Amino acid sequence: MKEKINEYKEKFKMFWDETYNRKILYFYFFVAIFVTFLIELFSGMNSTDHSNWQGVLFLIGSPYIFICNALIVLFTLSFTLLIRRRLFGICLVSGIWMLLGCTNAVLVGIRVTPLIRSDLSMLDTGMKIADKYLSTWQIVGIILTIILGIVFLVIAYIKAPKIDHKIRLHRDIITILIIGVLCVGSIELGRASNLITKKFDNLRNCYFNYGFVYCFTNSVFNMGVDKPDNYNELLVKYISNRNQSAVNTEQVKDTPNIIFVQLESFFDVNDLKKVTFSENPIPFFNQLMKDCPNGYMTVPVVGAGTVNTEFEIETGMSLEYFGSGEIPYNSYLHDYSLESICYNLKPHGYKCQAIHNNDATFYTRYEVFSHLGYDTFDSAETMNITAESAYNPKNWMKDYYLTDEIIKSLNETKEKDFVYAITVQSHGKYDPEDYVSKIKVEGLEDESLKSSYEYYADQLREVDQFIKALTVELKKRDEHTIVVFYGDHLPTLDITESDLKNENLFQTPYVIWSNYENDYFKDRDIYTFQLEAMILKALHISDGRINLCHQANLDKSYEDYKDELHVLTYDMTDGDHFADEEDAPVYEPTQLQMGLRPIKITNVNLSQDYEDRIFVNGKNFNNACRVYVNDSKVSTSYIDDSTLLIEGVELKDGDVISVHLVDSKELEFFETDSMEYHQDDMEQGREQEETKKKSSNKKK
């Protein structure tokens with residue numbers, strides 16, 4: 001028996017040596033197919049609306065598309081032909097693909113939307129909210145898995161055998177090129193025969209239909225706005241001039257305050273066919289829909305991707321023309337500004353304010369908003385709300401607190417205001433432990449899903465109360481105000497098209513409420529990128545090429561003018577800016593102010609009681625403020641909105657003292673104000689403190 005085992009071992013060793021050194025391409029083909037199969041298997045196992053045997057079904061049901069996916073993996077593996085430790089290279093490349101595939105499977109289960117290129121630039125954001133979606137043990141398990149993976153790769157590098165011959169560079173490069181040509185050729189043939197698509201209408205379904213490897217690779221290389229076939233200067237000028245003549249450009253009809261309230265994961269749950277609730281979670285919103293202009297709005301995402309809805313609302317541009325899965329917040333708006341509703345309103349005396357009851361660093365809004373023309377950004381950090389009762393069981397801030405922030409933002413300015421309020425309370429994941437729901441759900445057999453629906457319904461009930469509270473407060477104001485309430489996308493509750501009365505996963509309700517009588521609007525269904533134009537057209541505000549394009553064509557079907565919008569979008573992003581004339585507005589980034597009021601340092605005082613304690617005095621401080629001395633963070637305690645205490649610091653003449661904001665993970669992201677320290681200022685501050693103490697003692 002032992003001799004037989006040794007014989008088989010020897011045969012396997014000979015087979016392996018022959019394969020590894022002479023017939024390595026066979027092994028590459030096997031690994032590519034196996035990795036592709038496992039990735040699809042993982043995706044199906046973690047998704048409730050696709051089969052656990054997704055890998056098998058994909059291989060059998062879509063063999064050509066499966067081969068295209070495997071060829072992409074094979075092409076990346078082929079580069080290891082250029083190294084002698086090929087087994088290590090194979091393990092490394094396969095490990096990267098498996099890691100991406102597993103991450104995709106987790107994201108599909110958590111947020112519905114699969115992994116895209118833009119997610120890789122948001123690793124810091126993902127880490128900040130991981131605890132809201134994953135348990136502590138799951139996070140620990142992921143960390144341990146990554147550590148074990150790194151250890152395995154180190155061992156593989158040390159132990160992996162080298163090939164027993166010299167690398168034949170010319171032959172191996174030609175092999176790589178041949179595999180590359182096969183890969184690209186197969187994909188292009190698939191696109192030409194309509195077996196594969198380059199543009200994704202439903203990102204989630206496309207990942208299952210065309211495979212993770214192909215779709216993720218497409219999101220990496222298919223970036224930016226495609227150039228229209230007929231793009232030229234004459235066409236751009238013609239479109240702009242025709243739209244200009246088609247729009248009423250008479251004097252502005254009215255200049256009310258305009259408020260957009262983007263409701264996180266909000267939709268009318270009464271549109272569900274089979275699910276019923278013990279009480280209506282959104283009675284006030286439903287009443288608004290009876291009394292006010294309303295309709296359905298087609299949004300670009302489902303389950304996640306809030307900022308892509310934001311982008312279309314703010315710019316009027318359709319994501320249809322951008323790369324599949326692209327997030328312009330992470331690409332275009334980090335580098336330069338684009339036409340937006342803010343820039344279109346500024347010539348008419350509007351101050352533009354963004355409000356969000358979540359971290360300012362989420363999707364790097366604190367950087368992006370200056371490229372959209374906002375003047376101020378009031379985020380969770382600057383709201384200074386710390387009470388535990390202000391947060392729901394998943395640690396998202398309740399929307400109730402936005403009422404005061406919106407009213408304060410209106411009170412802070414003399415100008416007319418555009419306020420973009422982004423809510424967060426009804427954000428997923430909907431699985432709090434030991435939660436007792438006030439609203440009960442019927443019509444669901446899965447107890448876990450039923451519990452999620454009940455928690456979500458409770459959050460909607462409180463969101464509805466926020467909507468009512470805001471309208472009540474705005475009714476008290478003399479300033480004319482228009483408010484648009486709308487959902488950014490459907491929640492991650494395994495909802496399918498057949499579950500909805502309108503059978504559309506990409507539609508959310510919107511309603512337009514005003515605190516004064518007007519007949520500006522009527523019921524109509526729109527796309528998110530048409531909302532700005534619909535509101536501003538009623539006010540006779542037609543600034544901006546994109547806004548003008550929509551206004552000139554609002555009464556047409558979108559299909560009738562989508563090519564014009566494509567041309568203008570390309571011209572303003574990746575094109576030659578033919579639409580820009582001498583009198584065209586220049587979209588320069590604003591000096592974004594964090595908070596409704598500016599944070600200022602006025603002076604620095606040395607404590608009388610403790611020499612190592614220094615008081616930094618100023619205005620509008622909050623719990624997120626941290627003091628930096630010469631760009632180094634020092635121990636900071638928040639005393640009140642005019643005082644910060646720093647300890648363990650010895651200041652010298654010329655030291656620069658600055659106040660920065662930190663996010664929920666104590667990471668610094670924004671400098672608000674700074675001053676240069678001088679000893680004379682300190683002495684003067686000390687004398688002022690002593691005078692105040694003496695005066696206080698005399699009064700006593």
Side-chain angles (χ1 to χ4, degrees), residues 47-49 107-116 118-119 122 125 129 132-133 200-207 260-272 281-282 285 294-315 317-320 322 324-330 356-358 362-363 365 394 396 399 420-430 452-453 456-457 459-460 463 467 484-497 499-511 525-531:
S47 174
T48 56
D49 59 343
L107 291 180
V108 165
I110 289 176
R111 72 177 191 187
V112 177
T113 306
L115 180 70
I116 55 178
S118 298
D119 290 320
M122 293 177 56
T125 297
I129 63 170
K132 292 181 171 67
Y133 290 94
F200 302 154
D201 51 357
N202 184 319
L203 196 65
R204 176 182 173 83
N205 289 345
C206 284
Y207 266 65
F260 286 179
V261 182
Q262 182 168 289
L263 303 167
E264 171 63 42
S265 300
F266 183 93
F267 83 114
D268 189 349
V269 291
N270 300 296
D271 282 345
L272 291 165
I282 53 172
F285 186 84
N294 68 88
Y296 280 111
M297 184 161 63
T298 300
V299 298
V301 290
V302 59
T306 296
V307 290
N308 276 354
T309 297
E310 278 179 45
F311 177 79
E312 289 199 345
I313 292 283
E314 290 164 323
T315 65
M317 297 180 182
S318 172
L319 283 164
E320 176 184 358
F322 289 78
S324 299
E326 184 171 358
I327 299 178
Y329 267 38
N330 293 342
H356 184 31
N357 53 338
N358 195 23
F362 203 44
Y363 286 108
R365 287 184 174 98
K394 295 301 290 184
W396 300 111
D399 295 341
Y420 199 112
I422 307 158
T423 76
V424 77
Q425 179 172 353
S426 45
H427 201 295
K429 192 174 184 185
Y430 310 110
S452 295
Y453 264 83
Y456 173 70
Q459 300 310 305
L460 281 192
V463 173
I467 295 172
V484 185
F485 297 99
Y486 64 91
D488 60 349
H489 55 69
L490 264 63
T492 53
L493 288 171
D494 301 330
I495 300 171
T496 62
E497 291 178 346
D499 295 327
L500 298 168
K501 293 176 183 178
N502 63 341
E503 298 186 341
N504 192 328
L505 292 173
F506 290 88
Q507 284 189 334
T508 62
Y510 79 90
V511 63
D525 293 343
I526 60 172
Y527 291 87
T528 46
F529 45 77
Q530 294 174 323
L531 178 61

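Bear in mind the structure is a predicted one, so any value in this text is a computation, not a measurement.
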Which pair of heavy atoms, one from His489 and one from Val299, lies closest together, and at what distance? CA-CG2, 4.2 Å

Mind checking salt bridge (charged side-chain N to carboxylate O under 4.0 Å, His left out) for Glu320 and listing every partner two or more places apart, or none if nothing turns up? Lys562

Among residues at least two apart in sequence or on other chains, which ones pass side chain to side chain contact (heavy atoms under 4.5 Å, CB included) with Asn308? Pro300, Val301, Leu319, Ile327, Pro328

State which residues pass ring-ring contact (aromatic ring centres under 6.0 Å, His included) with Tyr527; sequence neighbours excluded, sorted by chain then number. Phe529, Tyr558

Take Leu263 and Ile467, measure what side-chain contact (heavy atoms from CB on, under 4.5 Å) needs, and give me the verdict at the end. CA-CA 10 Å; Leu263 303 167; Ile467 295 172; 3.8 Å; yes

Set of ring-ring contact (aromatic ring centres under 6.0 Å, His included) partners for Tyr420, sequence neighbours left out: none

From CE (Met317) to OG1 (Thr528), nearest 0.5 Å: 13.0 Å

Can any side-chain N or O of Asp399 pair as donor or acceptor with the backbone N or O of Val424 at less than 3.5 Å? yes

Working to the nearest 0.5 angstrom, can you tell me the gap between Lys501 NZ and Gln507 CD? 14.5 Å

Is any side-chain heavy atom of Leu490 closer than 4.5 Å to a side-chain heavy atom of Leu500? yes

Taking the six-membered ring for Trp, are the ring centroids of Tyr363 and Phe311 within less than 6.0 Å of each other? no

Holding to side chain to side chain contact (heavy atoms under 4.5 Å, CB included), I want the full list of residues that pass it with Asn270, two or more places apart in sequence or in another chain. Asp268, Asn280, Ile282, Asn286

Under the rule for side chain to side chain donor-acceptor pair (under 3.5 Å), what residues qualify as partners of Asp488, not counting sequence neighbours? Thr306

Do Leu272 and Phe267 have side chains that get closer than 4.5 Å, going by heavy atoms? yes

The side chain to side chain donor-acceptor pair (under 3.5 Å) partners of Tyr296 (sequence neighbours excluded) come to Asp271

Please report the closest heavy-atom contact between Pro281 and Ala457, naming both atoms and the distance. CB-O, 3.6 Å

For Leu505 and Ile495 the tightest heavy-atom approach is CD2-O, 3.4 Å

By ring-ring contact (aromatic ring centres under 6.0 Å, His included) - contacts of Phe266 (at least two apart): Phe285

List in chain and number order the residues that pass ring-ring contact (aromatic ring centres under 6.0 Å, His included) with Phe485, two or more places apart in sequence or in another chain; answer none if no residue qualifies. none

I want to check something: taking the side chain as every heavy atom from C-beta on, are Met297 and Ile313 in contact at a cut-off of under 4.5 Å? yes

Enter the distance from Tyr456:OH to Ser265:OG here, rounded to the nearest 0.5 Å. 6.0 Å

Shortest non-hydrogen contact from Ser426 toward Leu460: CB-CD2, 4.5 Å

Of all heavy-atom pairs linking Leu493 and Tyr430, the shortest is CD2-CD1, 3.6 Å

How many angstroms lie between atom CD of Gln425 and atom CG of Asn358, to the nearest 0.5 angstrom? 12.5 Å

Under the salt bridge (Lys or Arg N to Asp or Glu O under 4.0 Å) rule, what pairs show up with a residue in residues 297-314, not counting sequence neighbours? Glu310-Arg365

Gln530: partners by side chain to side chain donor-acceptor pair (under 3.5 Å), with sequence neighbours left out: Tyr561

Can you list the residues that meet the side chain to side chain donor-acceptor pair (under 3.5 Å) rule with Asp499, with sequence neighbours excluded? Thr496

Please check: side-chain N/O of Thr423 versus main-chain N/O of Gln262, any donor-acceptor pairing under 3.5 Å? yes

To the nearest 0.5 Å, tell me how far Asp525 CG sits from Thr298 OG1. 7.0 Å

